[in-house]
Structure formats: C-alpha cells, structure tokens
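These notes are about the structure you will find just below.
Sequence lines set the chain letters: A, B, ... in the order given, protein chains first and strands last, and positions in each chain run from 1.
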Amino acid sequence: MRLKLVPDSTSIDFFSRSKLWLGISAVLIVVALASFFLQGLNYGIDFRGGTTIRTESAEPVNVGEYRGALQDLGLGDIVISEVFDPSFGPDQNVAMVRIAPQDEAEAVTQETITAVEAALQEVAPDIQFTSVSSVGPKVSGELIQTAMIAVLLAIGAVLVYIWLRFEWQFAVGAVVALVHDVALTIGIFSELQIRFDLAIIAALLTIVGYSLNDTVVVFDRVRENLIKYKNRDLKQVLNQSINETLSRTLVTSLTTLIALIALLVLGGDVIRGFVFAMTWGVIIGTYSSIFVASIVLYRLGVKRDWSKPDTPSGNQFANVDA
Amino acid sequence: MLQIDLWKRILIWAVVAAGLIFAAPNIFYDRVEGHNDAVTAIEREGSTDELEAQAAQWPGFLPSGLVNLGLDLRGGAHLLAEVQVEDVYASRIEAMWPQIRDALRPLRDQIGTFRLQESAPGELTIQISNEAGQAAALQAIRDLAQPVSSTAALAQGGANDIEVDAANGVITVTLSEAERAATDERTLRQALEIIRRRIDEVGTREPTIQRQGPDRILIQVPGIGSAQELKDIIGTTAQLTFQPVVSRASGPDAEPGVGEEILPSLDEEGLYYTLDRTPVVTGEQLVDAQPSFDQNGQPAVNFRFNSQGARAFGDYTAANIGSPFAIVLDDEVISAPVIQSHIPGGSGIITGNFTIEESTDLAVLLRAGALPAGLTFLEERTIGPELGADSIAAGQIATAVAFAAVLIFMVVSYGLFGIFANIALILNIALLFGLLSLIGATLTLPGIAGIVLTVGMAVDANVLVFERIREELKTARGPARAIELGYEKALSAIVDANITTIITAIILFAMGSGPVRGFAITLGFGIVTSVFTAVFVTRLLIVTWFERRRPKTITV
C-alpha cells in the first residue's frame, strides 16, 4: 500500500487545451500588472525609508488610542496595525507602527523615536518595543536598485546556463515561465497589499530557482526523449516527457509545500510574508513548468538533429551524465 | 554491477561522521557557548577556577564551532554609517598653511606681501601683492607637494598630493584627485579602526564591523540594548596624548610622584612607564599621521600637528633632546621614543623597531585618536532579545513539524526506499549544520526558512532517482540494473536542477545583505549537502541493503 499521487503510467494530453492555459496565464499576468500599476506595492521601509516600531504589551492593542497619542507629534503619515499570530501567548498583543521618512534626516532621529515611544507609553504603560528599524531614503533607494538588479541578474544567468546545457528554445521557455512566476508573485503582493520588503526579493529569487528546478527536470527528460524517439512528433515527445516526470514533479512540490505550510502556520509573523511568497511561488512554479514552459517550447519548435556531432550550441557542456 | 569501491564507502561515511561531529556542538548550544566564552576569557585575563569549570563543560578535543545566531534571532543593534569623508579635506588643506607661509616668507622681495583669503572649504587661496612674483610663489608651493603614498596613486604614475594654480596674483591650493582618494581610504580605515576599538572595549560577543562600499561602515552588535546605545559607544573619542616620560616604572603598583602617573605599555606585557601627567600635546592637535621610512630605510611613522600643537611640540623637543617621551592612547603607552633633535614645524617622525605593518598600524592608531570625520547613520535597527527568542522558538517548532511531515510522507510514498531517503535527509540537516558551524556562518530567521525549504527540496534528488528506478523496473532488467540505471539517468536532471538553484543562491549572497545573506547561505549549502546525501549516502545505503538481502524483486 503505497501512496501514489500519480498512477504508474499516465498519458494526459497537456497540449489539447494549450490555448486555454496560455490564455489563463495571460489574463492572470494582465491582472497582476494592472494591480501593480494601479494600486502599487505596499513597500516596507526597506524600500521607501522611514521607521517601524514593533510594540508588545499585555493589554489589548487599541489602534485608535495609539493613533491619538501619536497625532500631536506631527510626524506625517503614521500607519498602525495590529499583528496576530497563532504563536502569540494570551497576553502578547503586538502592533506595528510605521512612520514615514522625515524630511531632512537620513535615518529617523533618536529624538523622534524617543518621542513616539514616550507617547505610546502614556496610553499603554506596560508597552515594550521589541524591535525598532529605521532606514534612510538614500539606502532605501539603493536597496530597490540592488533588488531589481539581483532579480534580472538571476534570470539572465539562468537563461545563459540553460542555453549552454540545452538549446536556446529551452532557455526561452524556461525564462518565460520564470517571468510568469515572478510577475504573478508581485501581482498577488500588490493585490493583497502584503508588505513588500527586502526578504520578499529573496523569496522571488528562490521562486526563480525553484521554478527552474522543475522546468529543468522536465526539459532534461524532453532532451532524452528527443534523442530516443527521433521520429516522433514534438508534441508527442513533450507530452510523454511531462507524463513521465509528472509523479516526481508533484511529489517534490508536495514535500516542499508541506514544509513551507508548516513554516507559514507556525513560523511566526516576522517571516510570514516571506514564506507566503515562497509557498505561492512553488504552486505557480509547478503549474508554469508543466504548462507555460513546455507550451512555449512547443511553439518555438526544437531542432531535432541531436545526433550530429557538430551541434552548435554547447553540447560539450551537456554530457555531465555520460 | 551495483558496486561501490571500499575507499568510496569509507570516504562517504567519513564525511558523514565529520559532519555529525561538527554539528554536535549546536545540540548543546548553551554549554558550548559557555565553554567558548570561558576559553576566550582565560586567554585574555588569565584563568580562574570559575572560568576553568565553565570551560570544562565541553571537552576541549571536540570541535566547538557554533552556528552564530544573527541579530534577528539573538537581539541587538545594527547600524549602517556613512563616513563624511569631505570633512577631512578641509582640515588637511588648512594644516598646510604654516608650511606654505614658511616657504613664501623668504620670497617676500619677489612676491611682496601675501595673505590667506577667505575660501571655500578644502581650498586655500593666497593673495600676493606683486603679481610678477607669481611664478616664483607657485614654484615654491609646488615644491612642498609630496607624492601620494597609496598603491592606487602609484599605479597612476606617482601623483602629488596638492594641486596649485594661480591667476592674477591669487594662488589656489587644493588636494589632488589622487590625494583625495588616498585620504578617503585612510579616513575609512581610521574610522573602522576606532569603531572597532570602541566596541571591543565594551567587550560584547562577536560584533560585526565591516566596510561596505567606498564610504560606509556596517556595525552589528548582538546583545546590545538599542541602536542609540551603540551610537553612544562609537561616539566617544579616544584620548591621545604625548607625555614626558619620567622613568620606567617597576610595576603597576609603583608609587608615582606628585603630578605623575603609571601606565602600561600597549605591546610589551609587564612594561610600565612613569609619566608626567600633563601632556605636551594632545590628539586634538594632531592633523595627520602616515606610515613612511626613516633615513635608513626603516619603517617609521610621520606625523603632523596643527600650528598650536606644532609650537608646543617644537618648544618641548628643543628643551628635551635625548630624553624619551610617550605616545599614550587611552591610558596605554603606544611607544616611548627618544627625542633625537629639535622638531620644529610641527611634523616629526617616530622611529622604532617597526615592521612595515606595524608602522601602518601605528599610523592608523595615531590618527585613530578621534573619529576622523562625522558619521551619518543611514540605517538603524534594534531587535529585542525577546523577539529573537520568540522567532527561534517559532522556527524550531516549524522546522520540527515540517521535518516530521516530510519524513512520514516519504515513507508512505516510497516504503523502504523512503526510509533510506529519510536517513539521508536527517544526515543532510546534520551535515548542513556541521558545515555552517565549520565556517562560522550566521543563522538568521530567513536562514531558518532556508533550512525548512531545504528539508522540502532535499528529497527532490531522491525522488528523481526513485521515480527513475520505478520506470526502469518496468523494463524488467532485474532490480540491480534498475537501481544502477536509475541513478545513472537521474544524474543529469539532478545536476541541472541544482546548479540553477545554486546560481540564484550565489546571486542572493552577492547582492543581499544581513538576513537575506543568511538565507542564501543556508539555501546554497543546503543544496550541496542534499545532493551529496542523495547521490552518495542513499545510494550507499541502498547498495549495502541490496548486497545483504539480494532481493529478487524490489518495490520502490
């Protein structure tokens, strides 16, 4: 009695609805981009500058009272939100206070923070400040830039690697799938207005790595089958390859999801956004490596003549498995 | 067929054993930490019974490297400071004025009167009354220029430190581009050195003080109450003085005379000096100190005072040729050279038995008296220890649950082979911790997420192999052949899939900072250990099992 997610042999036709899948992905990407451009991301202080103070008290958080206490300090835009987490004890009431960057100062000055802390102590005497972060506009600007470079660099590096190991059509297929995953992840962060900070960029890059991991395994089998069945139709070969690797794809996605969901529920609120991005990315990445990457590869077509010795692009890198 | 050479088997188990041994200290975190602290304390301050007892908590022959906990797990303060390097240009150029004045004085009959004019910071403008003497004045000032002593400047063909221009009887002196770059470099080194000294004095555990980019310094101190506290520590200026030496003291407890004090030597243990309490000059009057060489080509340190300091120092050296004076930093004698000659003009040279490195360090220390330039804090973070402890607790529970769930899933899906994969998974985490401890990596909260992700993804390589073995079994060439082919054919997918993830981990490490970097480290090493355990360890387990049982059929 084994748990088998997928029967021993499957022959699902993944291409019969290829237009539908591409259509769904296209619509989702449009929605994601629209949300991104219309609503924008809820940037954390890493990217917009300013200060966040995390408070903890035994008394329940009264956001209105907190706001009232800070109103008179004239600090501009202040966002106060209560934080809930299953890991908190009964007398653990946590809130996040975010203060917009102050005009002149690089990082928010100590006086400002002291004033805020004193004002909050008035309304909640037992309040504790478990973490205080302040980022100046100069650094936050650079962080955005570095983050964007990192994501582009990762996609570029991967493009080159797959191009060397496979053929350019594979690389394009993989990168389309990647861009798809990154766009949809940014989209859901914008749609749900989840705070987008530096850690989310790390999650995005991990999604890039994960999505690729899946795609590459499928492609590896495609390459193998293309050599094995020289005369079969490309669609048939792709279908067969996806079917053969389907069990592995789902098992790995499932174990990864099991681990991530445990972390999502139990890992505490500090990294929840980060873990959420990765969980979402694994789901999207699995979908895209089966549907998006292969369909793009099918549309682009592949040069079939793998046996010829003078295959141009990088087969000297492609025989690790010899 | 299914064969693994003995030496390979021994090597695989040796690696696993080494990983377990290096990971072991983390299981007894508090005890090992106590041991490590005690060992450092004994080295620094000598042994006490209490410290010895603390050190004995963990046997000395076992490795005692621990995974460092990042600020977000341990609590502490993080500062990113920008050094205002421009501050230094102004004082550097102003300090040149006495020298320029001395150089122009003999030329009065050619250039007439001359005086310093109000000028922009970092610039000296000198008006001469007789324009005809402009060329002579220009030459005289240019002769004062010194080659810039930095490797970058040498590469550019030995640029000079000042640039002198003249127009209509107005001479402008500015620092050259090369000198500015060299000055920036010195300023940064000096700021780093001071900050390090300040923080070391407080004696916190494992502070991180790092240069970032051309003009920034990253400071992370675990266990400190707040960023403000850290700023207070950094802000205190070091006290540098030049004091007359009365005599060598017999020991720390010798009786100093009235107006005298006993101070220890910085380098030589057990050496004490009796010093006159009143300094001749103080560090505030020092404008520059640089490594150089004396007439005999021995490494030495050049220094320069401002005009006030120069006068005091000149008078004192003239009156005390042959007697030693002490350079004292924070109540420790850096060196006590003998005055060889009268030192006018406010600059001098400290010679001694220096190596080049020592003279560089001494110059840095001398300049390190006070922070050379202002600091602007671009980023400040304080994390309370309670929040860190909560994060660790949450991370531990989540990791345990994730681990258990994946283990169960693997057994349910692959039976016996699942158990092999699980043994490999457990060893994988042990190896990961061993590796992290060995290199002294820092574990952050995203780093814990990286470990959890590794738990999820580590089985991937095994899954690839197992699925492949299942497929090969269908073509029925016997179980041994199927296992062999399974490993053989899955390898290229394993390699490709993991290299792409490694690429992203490397980029994350290079571009990220702090917590993100911690994530990149655990992700990257997690991939390495998981491929090792999947490709080598599980294979060895399966082969060993297969050799003993010789099953006719296998189910994966």
Q: With the side chain counted from C-beta on, respond yes when Asp390(B) and Gln92(A) share a heavy-atom pair under 4.5 Å apart, and no when they do not.
A: yes
Q) Side chains of Thr252(A) and Val459(B): does their closest heavy-atom pair fall under 4.5 Å? A) no
Can a salt bridge be assigned to the pair [X] and [Y] using a cut-off of 4.0 Å between side-chain N and carboxylate O?
X: Arg216(B); Y: Glu142(A); value: yes
X: Lys489(B); Y: Glu244(A); value: no
X: Arg221(A); Y: Glu471(B); value: yes

Quick check on the interface: out of [options], who has the most heavy-atom pairs with chain A under 4.5 Å?
options: Ala405(B), Gly388(B), Ala449(B), Gly395(B); result: Ala449(B)
options: Leu387(B), Val411(B), Asp496(B); result: Asp496(B)
options: Ala398(B), Gly75(B), Ala393(B); result: Ala398(B)
options: Ala458(B), Gly384(B), Ala497(B); result: Ala497(B)
options: Val463(B), Thr504(B), Asp460(B); result: Asp460(B)
options: Ile506(B), Ile383(B), Val452(B), Thr501(B); result: Val452(B)

Q.
According to ring pair (Phe, Tyr, Trp, His ring centres under 6.0 Å), who are the partners of Phe532(B), at least two apart in sequence or on a separate chain?
A. Phe536(B)
Q: Please assess Glu224(A) against Ser492(B) for the test side chain to side chain contact (heavy atoms under 4.5 Å, CB included), listing each intermediate value before the final yes or no.
A: CA-CA 10 Å; Glu224(A) 188 184 323; Ser492(B) 92; over 6 Å; no
**Q.** Which portion of Ile149(A) sits near chain B, non-hydrogen atoms under 4.5 angstrom
**A.** both
Q) Checking heavy atoms, do the side chain of Thr245(A), its backbone, both or neither come under 4.5 Å from chain B? A) neither
(Q) Only pairs of heavy atoms separated by less than 4.5 Å count here; which of Val158(A), Ile155(A), Leu254(A) has the most with chain B? (A) Leu254(A)
Q: Give the C-alpha distance, both sets of side-chain angles, the deciding distance and a yes or no for side chain to side chain contact (heavy atoms under 4.5 Å, CB included) between Phe466(B) and Val251(A).
A: CA-CA 11 Å; Phe466(B) 294 170; Val251(A) 168; over 6 Å; no
Q: Just jot down the side-chain hydrogen bond (donor to acceptor under 3.5 Å, both in side chains) partners of Asn428(B), sequence neighbours excluded, or say none.
A: Thr529(B)
Q: Would you give the length of the straight line joining atom CE of Met410(B) to atom CD1 of Ile258(A), rounded to the nearest 0.5 angstrom?
A: 10.0 Å
(Q) Arg381(B) vs Val135(A), test: side chain to side chain contact (heavy atoms under 4.5 Å, CB included). Steps then yes/no. (A) CA-CA 8 Å; Arg381(B) 293 176 199 264; Val135(A) 177; 3.4 Å; yes
Q.
For Thr255(A) versus Gly456(B), what's the shortest heavy-atom pair and its separation?
A. OG1-O, 3.0 Å
Q) Which pair of heavy atoms, one from Ala262(A) and one from Val401(B), lies closest together, and at what distance? A) CB-CG1, 3.9 Å
Q: Please test Asp72(B) against Val270(A) for side chain to side chain contact (heavy atoms under 4.5 Å, CB included), starting from the C-alpha separation and ending with a verdict.
A: CA-CA 10 Å; Asp72(B) 54 351; Val270(A) 181; over 6 Å; no
